[in-house]
Amino acid sequence: MTLSVAIDQDTREGTRTGTEQSASSLTAPDIPWNLVIWNDPVNLMSYVSYVFQSYFGYPESKANKLMMEVHKKGRSIVAHGSKEQVEQHAVAMHGFGLWATVEKASGGSGKGKGNTGNSGSGKGNRG
Amino acid sequence: MAKAFKYGVKGISGFLEPAERELLRGLLGDVISMLEPQEAAHQDPLAALIGLDMDVQEPTDSALRRLLPNVSRNDDAASLEFRQLTERSLRETKIGALKAAALDLDKDEILLNDTGARHWSMALNDIRLVLAERLDIRDEEDADHVHQMQDWSQAEDVGSYLALVYNFTTWLQESLMQAMLQSLETSR
């Protein structure tokens with residue numbers, strides 16, 4: 001991610017010039033999947049925070065915390081749920097241009113039951 | 001000179017000079033043409049209708065790969081399968097946002113509601129992702145290096161021109177994001 005550029009100046013010189021397939025049914029439905037967002041040097045921190053807030057419905061503090069985790073650690077699990085749920089989130093994140101992947105949650109079925117990624121109304125979905 | 005996007009009672013407003021509009025129109029058009037799927041003559045019309053594309057492959061162009069990334073980090077087969085089911089509609093989502101932004105450029109005053117602002121933020125982001133690939137921005141250090149390039153009189157080759165264009169769209173997107181975050185906060 002890239003830091004916010006200074007925009008204190010009001011003006012500036014511009015330019016003059018149905019996602020499941022049969023294989024997944026082998027996965028027990030209660031095994032959680034993670035939605036992972038990866039760091040990249042292009043996406044603005046403000047944009048990533050906006051996407052987390054508007055798409056997942058996360059409060060600003062949580063969105064910023066996850067955003068900083070992506071920035072500092074290189075990746076962050078921003079939601080979990082069933083395979084279908086995280087895949088749906090992934091395609092929405094790709095729509096926003098964020099680098100998202102899905103992965104089976106490690107540590108088995110004990111983790112990630114909270115399903116936190118499903119709280120948003122998805123109003124930011126599918127521009 | 002462009003003005004930063006501003007959040008106000010009417011929505012989010014912005015101002016761009018004709019040359020800046022022309023530049024953005026060109027960039028939007030470039031990304032749209034990258035994303036427009038090649039229609040295969042033998043394509044099954046029903047599959048196309050429901051968004052399936054069984055012939056799809058991972059893009060060879062790195063910029064396109066960044067716009068349409070793999071969904072799995074280490075399972076290529078799963079990524080390809082996901083691509084077959086979702087890539088066509090993802091392309092359409094992106095093209096929709098890019099076209100909406102291009103249409104807004106035709107009006108004298110850029111005034112955006114929530115949906116319009118979201119389309120603009122997605123469109124500017126996709127433009128930047130493509131430019132960043134062309135500029136070989138691989139890490140934060142590369143990004144900082146490109147960011148140094150701020151003076152249009154320094155534009156002497158394609159690389160420096162691209163860097164300036166990248167910095168301009170970055171500035172524009174950042175100002176839009178500040179206005180959008182303000183709008184989100186107000187609506188809470």
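So you know, we letter chains A, B, ... as the sequences are listed, proteins then strands, and number each from 1.
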B:H147-B:Y166 aromatic ring centre distance below 6.0 Å: no
From the list B:D139, B:L68, B:D75, B:L16, the residue making the most non-hydrogen contacts under 4.5 Å with chain A is B:D139
Reported CG-to-CG distance for the pair B:L103 and B:L98, which is rounded to 0.5 angstrom: 11.5 Å
Please flag which part of B:I137 lies under 4.5 Å from any non-hydrogen atom of chain A: side chain, backbone, both or neither. both
For the residue pair A:W99 and A:W38, categorise the inter-ring angle as parallel (less than 30°), tilted (30 to 60°) or perpendicular (more than 60°). tilted
Heavy-atom distances under 4.5 Å only: say whether B:D126 touches chain A with side chain, backbone, both or neither. side chain
Looking only at side chains, do B:R118 and A:S54 share a donor and an acceptor under 3.5 Å apart? no
Heavy-atom pairs under 4.5 Å with chain A, option from B:M180, B:E22, B:E185 with the top count: B:M180
Closest-packed option against chain B by number of heavy-atom pairs under 4.5 Å, given A:T101, A:N39, A:L98, A:V51: A:T101
Atom group of A:A100 that falls short of 4.5 Å from chain B, counting heavy atoms: backbone
For the residue pair A:F52 and A:F56, does the interplanar ring angle fall in the parallel (under 30°), tilted (30 to 60°) or perpendicular (over 60°) class? tilted
Pick whichever of B:S79, B:S121, B:A123, B:A132 has the most heavy-atom pairs under 4.5 Å with chain A. B:S121
Partner chain A: residue of B:E87, B:R138, B:M177, B:K94 with the largest heavy-atom pair count (under 4.5 Å): B:M177
Does either side chain, that of B:N70 or that of B:S72, offer a donor lying less than 3.5 Å from an acceptor on the other one? no
